[in-house]
Amino acid sequence: MGKFISFEGGEGSGKSTQWQRLAQALEARGLPVLATREPGGTPAGAAIRRLLLTPEGTALDPLAELLLYAADRAHHVQQVLLPALQEGKWVLCDRYQDSTTVYQGLVRGIPADRIQALAQWTTEGLQPHLTFLLDLPPEIGLQRSKSRLAAEKSGEDRFEQEAIEFHQKVRAGFLKLAQQEPKRFVILDATQDMTTLHQKILQRVEAFS
Ligand code: TYD
């Protein structure tokens, strides 16, 4: 079995940059790497992602939204994550089940027992060996991601339009999960510069491998 590492955090936390940089660093060492993301890590998932993250998704009932994230994940686990792990790859995933537990569960308010039952079903118990949580105050993250979205013009701004309280709940939710599972989670102060963060992540991964 390969190693499964996930990256989690709120908007503008820099997790996608760190996910890419870790992939490049491991590849440079000649290791087999698969860098993927949720939602949208497969062609079908990309269609689900478009639905979820563009304005059409705003009208979704929280339960329907949960099931779409779950559908994206079930497909991704079966078609991408499990095969890559079986081939012994280093699988780096930008968001995974913890995002559902936080956004749809703790923030949107879907009961934890439902979220957990569905997670068991969609992931078949597949958990990351290591999860990096890039933690920062939402005011800073939102500022960063607004500038990025303006530059990208992707139209994926649904979550960025949520009130600041929403993002504060997201932050508190991830910190709660990290405290519950201190062995799996590594909490990083995402206000640090990108290079410092990358070095810390690399050190942690080296210690783990
Ligand atoms: P992502 O592509 O990581 O966007 P960003 O880099 O801007 O954070 O995630 C897209 C959005 O989807 C993000 O706002 C969080 C949300 N999301 C959920 O609500 N539940 C989930 O299970 C996942 C994977 C993401």
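Atoms within a ligand are numbered from 1 in the order they appear, just like the ligands themselves.
Salt-bridge annotation for Arg95 and Glu38: absent, with no side-chain N of the basic residue lying under 4.0 Å from a carboxylate O of the acidic one. Under 4.0 Å is where a charged nitrogen must lie from a carboxylate oxygen, and between Lys15 and Glu8 no such pair does. We find that Glu206 and Arg29 are joined by a salt bridge, their nearest charged nitrogen and carboxylate oxygen being less than 4.0 Å apart. Salt bridge absent: Arg49 and Asp72 never bring a charged side-chain N and a carboxylate O closer than 4.0 Å.
For ligand 1, the atoms sitting less than 4.0 Å from at least one non-hydrogen atom of Ser16 are 6 (O), numbered in the order shown with element in parentheses. Interface of Thr100 with ligand 1, defined as ligand atoms under 4.0 Å from a residue heavy atom, comprises 21 (C), 22 (O). For ligand 1, the atoms closer than 4.0 angstrom to any heavy atom of Leu53 are 10 (C), 11 (C), 12 (O). For ligand 1, the atoms closer than 4.0 angstrom to any heavy atom of Gln104 are 18 (C), 19 (O), 20 (N), 21 (C), 22 (O). The Arg73 neighbourhood of ligand 1 comprises atoms 22 (O), 24 (C), with distances under 4.0 Å to a heavy atom of that residue.
Only side-chain heavy atoms of Arg49 come within less than 4.0 Å of ligand 1; its backbone N, CA, C and O stay farther off. Using a 4.0 Å cut-off between heavy atoms, Lys15 contacts ligand 1 through its side chain alone, with no backbone atom that close.
Among the atoms of Glu11, some N or O lies under 3.5 angstrom from an N or O of ligand 1. Looking at Arg95 next to ligand 1, an N or O pair under 3.5 Å apart turns up.
The closest donor-acceptor contact from the side chain of Gln192 to the backbone of Asp189 lies under 3.5 Å.
Relative orientation of the Phe166 and Tyr103 rings is tilted, given thresholds of 30° and 60° on the angle between their planes.
A heavy-atom separation below 4.0 Å is not found between Ser145 and ligand 1.
The CG atom of Asp94 sits 8.0 Å away from atom CZ of Phe7, with the distance rounded to the nearest 0.5 Å.
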After noting the C-alpha distance and the side-chain angles of Thr122 and Arg73, does the key distance pass the side chain to side chain donor-acceptor pair (under 3.5 Å) rule? CA-CA 6 Å; Thr122 48; Arg73 180 162 307 120; 5.1 Å; no

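Comparing Tyr69, Phe166, Tyr103 by heavy-atom distance to atom 16 (C) of ligand 1, the nearest is Tyr69.
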